Peer 1: 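Dumping the structure here so I can ask a few things about it.
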Amino acid sequence: MKIKNSNTDLTKLNWDEFYSLPLNQKLGYFDKEGRMFDCLFSQQLSSNNLKTLFDLANKIRKVAKEKGGLDWLQTLLSHKRAMLYFVQPSTRTFVSFQSACYILGMKVSEIRSTSTSSELKGESPEDTIRTFSSYADLIIMRHFEEGMAEKSAWMLNKTKRPISIINGGSGKDQHPTQALLDLYTLNLSFQDKGGIDNKTIVMVGDLKRGRTVRSLSYLLENYKNVKIIFVAPDYLKIGNDVKEFLKRKKIPFKESNDLVKCLPEADAVYVTRIQDEYDINNESKNIDYSKFHLKKEHLRKMKKSAIIMHPLPRRQELDVEIDKDPRAKYWRQERNGMWIRTALIAYLFRIENEINRY
Ligand code: CP
């Protein structure tokens, strides 16, 4: 497999050479027979992929409503095993993926901390992943280190037993399946309002270290005339890499530090918490994050048709009083995650036609 527009063989590169390549030159390495094999980055998901996954998720949730339908779904991958390797804290990504595996009948093993695996005895993450591939048919992983999901897939794709890897969150970098469920939620919310095209999305909070906003920004390239407004404290502004991407793709965006002023323009407000787990010297303590909280009194500034999203978990940045407002979609958003993740697993195992025929 060659680097795009070059004669260099991707399979011959060492990890550092491979990792340093621009994403668009190496995405093909994570495909097999012309379709996605590992799900690592938002940029792998085309508008065709998104439509396939949204339709499949809708079909699966409909089939799973009836006992007979759910029983049938549970036969589809009953011969397959998944490894859930989550060595960074998680509630909903872990449980929704676990539930997704159960919906398709998969058997699941889990490791949730390096302190309970042989990594404590000095085994490398690479050998750990290689070991999972001896027992499982799919690895779903969350790791504190940026690039670890990519490195795992890069390494396994060179072995005699390559299995798919799904990135359930990699350091401050990406969380593609969160972006997928965010888009699925936007798509469902705007299905009678012209879809996601032409909408203005306000993303507020810790945009520097929030991997969900990064992944969602990349995915919005699949829609027409979407505008993004990034609202963050100076220290936590969205990274230049995302801004460069948006400029390249001609996606209009602006930056602000005044949430209230931006609210009337929003079709969706995407609230995020401060990611102080990535602090090096307690720097979050010096930031007045309260200006980036969405409060009940702000709701009257928003359009009646707008929606409020949050990847969760939340702290004070999203007032619990807002839960009662019909525009609050975040509880639905997390449940949507289970259906779209089921669809993703079904897609990776190439059983979508079987499900669609039901
Ligand atoms: N949104 C999200 O990733 O939640 P968890 O950290 O609970 O998985």
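Note that the structure is predicted; figures quoted are calculated from it, not measured. Note that ligands are numbered from 1 as they come in the structure, with each ligand's atoms numbered from 1 the same way. We count residues from 1, following the sequence as given.
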Peer 1: Please list, chain by chain and in numerical order, all residues satisfying ring-ring contact (aromatic ring centres under 6.0 Å, His included) with Y218, sequence neighbours excluded.
Peer 2: F245
Peer 1: Any non-hydrogen atom of R142 lying under 4.0 Å from ligand 1?
Peer 2: yes
Peer 1: What do we get for H175 next to ligand 1 when only non-hydrogen atoms under 4.0 Å count, side chain, backbone, both or neither?
Peer 2: side chain
Peer 1: Does the distance from a Lys or Arg side-chain N to an Asp or Glu carboxylate O, for E33 and R350, drop under 4.0 Å?
Peer 2: yes
Peer 1: For the pair D206 and R209, find out whether any cationic side-chain nitrogen is under 4.0 Å from an anionic carboxylate oxygen.
Peer 2: yes
Peer 1: Looking only at protein heavy atoms, identify the closest one to atom 7 (O) of ligand 1 and say how far it is in Å.
Peer 2: T91 N, 2.8 Å
Peer 1: Evaluate F94 for polar contact with ligand 1, using N/O atom pairs at a separation under 3.5 Å.
Peer 2: no
Peer 1: Ion pair present between E255 and K243, side-chain N to carboxylate O less than 4.0 angstrom?
Peer 2: yes
Peer 1: Quickly, which of K304, K199, K303 forms a salt bridge (Lys or Arg N to Asp or Glu O under 4.0 Å) with D267? Name it, please.
Peer 2: K303
Peer 1: Check this for me: does any side-chain nitrogen of one of R35 and E352 sit under 4.0 Å from a carboxylate oxygen of the other?
Peer 2: yes
Peer 1: Quick one: does ligand 1 sit under 4.0 Å from the side chain of L312, the backbone, both or neither, non-hydrogen atoms only?
Peer 2: backbone
Peer 1: State the atoms of ligand 1, each with its element, that fall below the 4.0 Å cut-off from a heavy-atom position in Q178.
Peer 2: 1 (N), 2 (C), 3 (O)
Peer 1: How far is atom 4 (O) of ligand 1 from its nearest protein heavy atom, and which residue and atom name does that atom have?
Peer 2: R92 NE, 3.1 Å
